[in-house]
Amino acid sequence: MLTYPTLIDKITCDPLIYRLGMRCNLLYTRNPVPRNRKKIEALRSSGALNRHPEKVRHSLFAQHDFFDPHDLVQLKYETVRAVELDGHPIAQAALDFGLSRPTIYEAQEKLRQAGVEGLLPQKRGPKKARKLTPEVRRYLEELVGSEPDLKAAVLVQRVRTRFGVVLHPRTVEKAVRKKGRYRP
C-alpha cells in the first residue's frame, strides 16, 4: 500500500484543473485510524461520532492530535469558529471540515442559542407520546378497571372508535402493564 507522501509524488494534475480554480492535491486526505477505540465507542454511543472523518481536510485536524476528526461536536465548533472568527467562506469551510453547508448554518444557530451545549447531539425521533395522550391513558385504565379480561386488540378497537386514534396492540399492552393491572 502506498503512503500518502509517495502517492502525492506520483500524481500530477492537469493544468486545466488549475485554470478552473479546482484543487488537485492530496494534502487534505484521510485522517489516520483513531488510536483510542474507547473514545470512538463513547462518541458512537452518545451520537457524537462523525461518520465520515475521511472528509475532514482542515490542517488543524491533520497536524494536531488534540483535534479529532471523529468528534462531531469538536468538528462543528471548529467549523463555526473558522467561519465566524477567521472569516472563511462557508463553502470553503464545508469542504475543509467535511460538513454540508446546511449543517454549518444549523451549528451556527445552535451555538448562538445554547452555546457549546447546543452542538451536542439531540435525541432523535418523537420526543413524547403523540397518540397515547393522558386522556387515552385514562380511558384505557377505566376500561381495564371495569373489564380486566379485555384483550389488547379489543382495547385498540375501542380507542379507535372513541378517539379515532390507531394504536398498536403492543403499545396498549405496555401502557396498561405500567399501571400493573393488565396481564395478556
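All residue numbers refer to positions in the sequence shown, counting from 1.
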Student check: side-chain heavy atoms of [X] and [Y] closer than 4.5 Å:
X	Y	result
K39	R44	no
L111	V116	yes
E173	L155	no
K76	T103	yes
N50	V56	yes

Are [X] and [Y] ion-paired here, with the side-chain N under 4.0 Å from a carboxylate O?
X	Y	value
E135	R138	no
K110	E106	yes
R112	E84	yes

Please name the residue in the list H52, R51, R57 that meets the side-chain hydrogen bond (donor to acceptor under 3.5 Å, both in side chains) test with E54. H52
Main chain of V166, side chain of K131: is a donor-acceptor contact present, judged purely on distance under 3.5 Å? yes
Counting distance only, does the side-chain N/O of T79 pair as donor-acceptor with the main-chain N or O of L75 below 3.5 Å? yes
Any chain of hydrophobic side-chain contacts (each under 4.5 Å) joining Y139 to V172? yes
Hydrophobic clusters here meaning ILVMFWY residues chained together by side-chain heavy-atom distances under 4.5 Å, can you tell me if I40 and L120 are in one? no
Give the intermediate values and the outcome of salt bridge (Lys or Arg N to Asp or Glu O under 4.0 Å) for residues R158 and E142. CA-CA 12 Å; R158 291 197 183 172; E142 290 171 9; over 6 Å; no
If you take all heavy atoms of A48 and V73, which pair is closest and at what distance? CB-CG2, 4.1 Å
Could you tell me if Q74 and E78 have a donor-acceptor pair between their side chains, going purely by distance under 3.5 Å? no
